[in-house]
Amino acid sequence: MQHHDSTVLSADSVAPDEIAHFSDLAARWWDPSGPMRPLHAMNDLRIQWSLRHLVAPEDAQGARRTLLDIGCGAGLASEAFARAGFEVTGIDAAQAAITAGRLHLRQHPLPASAGPLAYRCGSAEELVAENARYDAISALEVIEHVTDPAAFLRMLGSLLRPGGVMVVSTMNRTWRSLAMAKIGAEYVLRLLPVGTHDWRKFITPAELGQYAAAAGLRVTDVAGMVPGLGGWRESRDMAVNYIAALVRD
């Protein structure tokens, strides 16, 4: 983490002249028709599928279970998991996204029934160094952006408690994903900024399974995610987007 980031660890400490910038960023992140609209479109499906496969938000004694949302951006999934009852830590390497998430949370407080939600700017490596452990981990549309996906999954596996569950959503490396997600979304439809994705870094379900096994994790379920007129839906078609549940036994 760069030194100057350490001075911007809460929304309260942001310079007044930057509040407007981060408020605008938060507004764009959270605008369903804004630059993040592909994430908004698939978010309900991602969350619903994840909640069916993760551990329950509370244990038998009623204590909240902890969830790490890695690569959380401005908190689209983090807020949803907190609403479901988890004690959520949202972490992202981009300070601007974290500040935007904090401002959105301040401007739109979660209901009293929600679990606590805390954001931090940082990396998985820092959490590993702190010997952090979580009951659940979500890594949604993140692994295709890291430099070493196998090492990334090993790190996340070490952050997961025995019996814990991790959900990973990503993009398959197929000709269809190249045509639809890369060329179609970025260049033709302009749904995403050009350069958002590197198709060569997309990960096949078989590769994800190999990385998981090497990390001491077991794939318990995998499903395709496809867009439709009524919104995104679960499918056996994993040629473009898919989501997987991994368990640490």
Side-chain angles (χ1 to χ4, degrees), residues 32 36-57 65 67-73 75-84 86 88 90-92 124 134-146 149-150 152-157 159-160 164-174 176-178 180-182 185 191-192 196-199 201-215 217-228 230-248:
M36 297 298 166
R37 64 186 182 274
L39 289 183
H40 280 274
M42 68 167 61
N43 200 49
D44 281 349
L45 173 59
R46 297 189 312 179
I47 299 302
Q48 291 168 13
W49 196 93
S50 296
L51 291 175
R52 292 205 317 268
H53 291 79
L54 291 172
V55 292
R65 289 195 167 108
L67 182 144
L68 171 67
D69 185 24
I70 189 137
C72 65
L76 295 187
S78 298
E79 286 199 11
F81 286 127
R83 285 176 183 273
F86 284 99
V88 178
I91 188 168
D92 200 286
Y134 300 90
D135 300 309
I137 297 177
S138 61
L140 306 177
E141 271 63 50
V142 176
I143 196 168
E144 70 270 22
H145 297 290
V146 304
F152 179 69
L153 210 54
R154 282 198 304 273
M155 280 191 293
L156 295 189
L159 293 170
L160 196 61
V165 184
M166 182 191 319
V167 286
V168 178
S169 63
T170 189
M171 306 186 79
N172 200 350
R173 193 176 64 257
T174 63
R176 271 177 59 198
S177 71
L178 177 63
M180 293 175 63
K182 179 66 182 175
L191 291 172
L192 294 168
T196 297
H197 291 115
D198 180 349
W199 177 80
K201 294 173 73 173
F202 289 4
I203 296 164
T204 68
E207 289 167 343
L208 184 66
Q210 292 167 3
Y211 300 154
L217 302 167
R218 178 170 53 89
V219 178
T220 57
D221 198 9
V222 61
M225 298 189 296
V226 298
W232 284 68
R233 60 180 175 81
E234 184 178 340
S235 169
R236 295 180 186 174
D237 182 358
M238 293 181 280
V240 182
N241 295 84
Y242 68 97
I243 187 167
L246 318 177
V247 173
R248 172 171 288 291

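Contact annotation: the side chain of L217 never approaches that of Y211 to less than 4.5 Å [non-hydrogen atoms, C-beta and beyond]. A heavy-atom distance below 4.5 Å is not found between the side chains of I137 and L67. By the 4.5 Å heavy-atom criterion applied to side chains, V165 and L160 are not counted as neighbours. Residues C72 and S78 form a side-chain contact, since some pair of their non-hydrogen atoms from C-beta on lies under 4.5 Å apart. Annotation: side chain of W49 is not in contact with side chain of D44 (no heavy-atom distance under 4.5 Å). At least one side-chain heavy atom of D221 sits under 4.5 Å from a side-chain heavy atom of H53. Residues M225 and E234 form no side-chain contact, since every pair of their non-hydrogen atoms from C-beta on lies 4.5 Å or further apart. Contact check for M166 versus L153: side-chain heavy atoms found under the 4.5 Å cut-off.
With 3.5 Å as the limit, one finds no donor-acceptor pair spanning the side chains of S177 and N172.
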Next on the checklist: Please determine whether side chain to side chain contact (heavy atoms under 4.5 Å, CB included) holds for the pair R173 and K201, giving the CA-CA distance in whole Å, both sets of side-chain angles, and the decisive distance to 0.1 Å.
Outcome noted: CA-CA 8 Å; R173 193 176 64 257; K201 294 173 73 173; over 6 Å; no
Item to check | Working for side chain to side chain contact (heavy atoms under 4.5 Å, CB included), residues I203 and M171 | outcome: CA-CA 6 Å; I203 296 164; M171 306 186 79; over 6 Å; no
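Note that the CD1 atom of I47 and the CZ atom of R83 stand 11.5 Å from one another [nearest 0.5 Å]. Interatomic distance, CG of N241 versus OG1 of T170, reported as 8.5 Å (0.5 Å rounding). With rounding to the nearest 0.5 angstrom, the CG atom of L208 is 9.5 Å from the CD atom of Q210. The CH2 atom of W232 sits 11.0 Å away from the CD1 atom of I243 when rounded to the nearest 0.5 Å. In this structure, CG on D69 lies 6.0 Å from CG on L140, to the nearest 0.5 angstrom. Going from atom CG of L54 over to atom CZ of F86 covers 5.0 Å, rounded to the nearest 0.5 Å.
Between the side chain of Y242 and the main chain of T204, a donor-acceptor pair closer than 3.5 Å is present. Proximity of a side-chain donor or acceptor of D237 to a complementary backbone N or O of G224 within less than 3.5 Å is not detected.
Annotation for R65 and V55: closest pair CD-CG2, 3.7 Å, computed over non-hydrogen atoms. Scanning both residues, E144 and S169, for their nearest heavy atoms gives OE1-O, 4.1 Å. Minimum heavy-atom separation, M238 to A223: CG-C, 3.8 Å. Residue G209 comes nearest to V219 through the heavy atom pair CA-CG2, 4.1 Å, listed as atom of the first residue, atom of the second, then distance. P149 and I143 make their closest contact through CB-CG1, 3.8 Å (heavy atoms, listed as atom of the first residue, atom of the second, distance). Counting all heavy atoms, side chain and backbone alike, V167 lies closest to S50 at CG2-OG, 3.4 Å.
Salt-bridge check for E141 with R46: passed, with a basic side-chain N closer than 4.0 Å to an acidic carboxylate O. Salt-bridge check for D135 with R248: failed, with every basic side-chain N at 4.0 Å or more from each acidic carboxylate O.
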